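One structure below.
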Amino acid sequence: MNYWLMKSEPDVFGIDHLASRSGQTEHWDGVRNYQARNMLRDQMRLGDQVFFYHSNCKVPGIVGIAEIVRAGYPDHTAWNPDSKYYDPKSTAEKPIWYMVDVRLVRKLKRTISLEELKQRPELAEMPLVRRGNRLSVMPVSPQEWEAILALE
DNA sequence: GCCAACGTTGGC
DNA sequence: GCCAACGTTGGC
């Protein structure tokens with residue numbers, strides 16, 4: 001099993017949106033970065049665990065845990081001209097972009113803030129805390145996963 | 001709202 | 001293939 005961290009803006013799609021979805025499950029669409037795409041498409045497996053991270057908000061940080069319930073498949077929002085994620089270069093025959101389905105496992109008891117994560121020496125290698133990082137999907141090592149959960 | 005950092009685009 | 005211009009991300 002792998003561990004991941006996925007960023008989302010709470011104003012757009014936050015942990016409470018996921019919680020209110022049918023089956024507390026939703027597709028993770030709109031990833032339009034090749035490095036992140038490769039992870040969605042090639043590496044995420046059923047049952048992988050995900051930290052749900054809120055970005056671009058008052059207190060950025062990890063707010064919950066989700067689980068991959070469907071491995072990578074083509075992101076159909078790329079084919080919809082009305083979608084803000086529309087990409088005419090992607091077709092059903094040759095999809096460029098991929099998504100996964102995630103189900104909420106639980107919300108954390110509290111937000112583990114980015115500020116707090118930055119203070120932990122054992123988390124210093126995470127792309128998340130490194131300057132200028134913009135990856136919206138990133139791997140988390142088992143050690144980092146445990147260290148973060150211990151902060152809760 | 002600002003702006004640094006980064007990825008992508010496109011002219012050459 | 002280089003690289004300047006541009007758009008986006010996301011912390012602050």
Side-chain angles (χ1 to χ4, degrees), chain A residues 2-21 26-44 48-68 71-102 104-141 143-152:
Chain A
N2 300 312
Y3 297 104
W4 305 94
L5 181 144
M6 298 171 85
K7 295 179 185 173
S8 191
E9 301 187 22
D11 291 345
V12 179
F13 186 79
I15 191 91
D16 289 326
H17 293 102
L18 182 60
S20 68
R21 289 297 191 272
E26 186 57 283
H27 1 94
W28 200 278
D29 59 18
V31 171
R32 295 292 179 269
N33 167 284
Y34 286 101
Q35 208 181 336
R37 186 281 308 270
N38 292 345
M39 290 186 269
L40 293 177
R41 187 188 59 186
D42 306 331
Q43 294 181 256
M44 283 192 170
D48 283 1
Q49 302 290 112
V50 178
F51 279 134
F52 195 115
Y53 178 90
H54 279 174
S55 67
N56 221 341
C57 56
K58 199 159 186 183
V59 183
I62 296 169
V63 294
I65 296 172
E67 181 177 355
I68 304 297
Y73 62 105
D75 181 343
H76 52 70
T77 63
W79 308 330
N80 176 6
D82 296 326
S83 169
K84 70 170 189 165
Y85 300 124
Y86 179 57
D87 182 352
K89 295 192 295 297
S90 182
T91 64
E93 294 71 34
K94 285 205 165 210
I96 296 176
W97 305 113
Y98 283 73
M99 60 186 176
V100 295
D101 288 357
V102 300
L104 181 66
V105 173
R106 66 182 178 89
K107 290 170 70 170
L108 296 189
K109 293 183 234 128
R110 65 182 190 87
T111 299
I112 301 174
S113 68
L114 176 62
E115 186 185 16
E116 200 174 343
L117 296 170
K118 280 181 167 172
Q119 288 169 4
R120 312 299 309 180
E122 64 271 36
L123 302 177
E125 297 305 312
M126 291 186 76
L128 184 72
V129 302
R130 306 196 80 108
R131 227 164 81 95
N133 169 68
R134 289 165 47 182
L135 259 190
S136 64
V137 176
M138 69 187 75
V140 175
S141 77
Q143 293 78 15
E144 289 162 349
W145 182 271
E146 289 306 322
I148 291 167
L149 275 186
L151 297 174
E152 185 186 9

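Each chain gets a letter, A, B and so on, in the order its sequence line appears, and its residues count up from 1. This is a predicted model, so every value here is computed, not measured.
Within residues 49-57 of chain A, the residues having any heavy atom closer than 4.0 Å to DNA chain C are, in order of number, A:Tyr53, A:Ser55, A:Asn56.
Partners of A:Trp97 under the side chain to side chain donor-acceptor pair (under 3.5 Å) rule, at least two apart in sequence or in another chain, are A:Asp87. For the side chain to side chain donor-acceptor pair (under 3.5 Å) test, residues two or more places apart in sequence or in another chain that qualify with A:Tyr73 are A:Asp101. The salt bridge (Lys or Arg N to Asp or Glu O under 4.0 Å) check on A:Glu116 picks up A:Arg110, with sequence neighbours excluded. Remark: A:Tyr85 engages no residue in a ring-ring contact (aromatic ring centres under 6.0 Å, His included) (not counting sequence neighbours). A:Asp29 pairs by the side chain to side chain donor-acceptor pair (under 3.5 Å) definition with nothing, not counting sequence neighbours. Annotation: side chain to side chain contact (heavy atoms under 4.5 Å, CB included) contacts of A:Asn2 (sequence neighbours excluded): A:Trp4, A:Arg45, A:Asp48. For A:Asp16, the side chain to side chain donor-acceptor pair (under 3.5 Å) test picks out A:Lys107, with sequence neighbours left out.
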query: Can A:Trp79 and A:Ser90 be said to form a side-chain hydrogen bond (donor to acceptor under 3.5 Å, both in side chains), step by step?
result: CA-CA 7 Å; A:Trp79 308 330; A:Ser90 182; 3.2 Å; yes
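As judged by a 4.0 angstrom heavy-atom cut-off over every strand, A:Lys58 is placed among residues making no nucleic acid contact.
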Report, one pair per line, the protein and nucleotides 4-8 of chain C atoms (nitrogen or oxygen only) whose separation is under 3.5 Å.
from  : atom 1 : to       : atom 2 : distance (Å)
C:dT8 : O2     : A:Arg134 : NH1    : 3.3
C:dT8 : O2     : A:Arg134 : NH2    : 3.0

So which protein nitrogen or oxygen atoms get under 3.5 Å of nucleotides 9-11 of chain B's nitrogens or oxygens?
none

All N/O donor-acceptor pairs, side-chain side in residues 144-152 of chain A, below 3.5 Å, sequence neighbours left out:
from     : atom 1 : to       : atom 2 : distance (Å)
A:Glu144 : OE1    : A:Ser141 : N      : 2.9
A:Glu144 : OE1    : A:Ser141 : OG     : 3.4
A:Glu152 : OE1    : A:Arg106 : NH1    : 3.4
A:Glu152 : OE1    : A:Arg106 : NH2    : 3.0
A:Glu152 : OE2    : A:Arg106 : NH1    : 2.9
A:Glu152 : OE2    : A:Lys109 : N      : 2.9

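Sorted by first and then second residue, the pairs that involve residues 51-66 of chain A and meet side-chain hydrogen bond (donor to acceptor under 3.5 Å, both in side chains), not counting sequence neighbours, are A:Glu9-A:Asn56.
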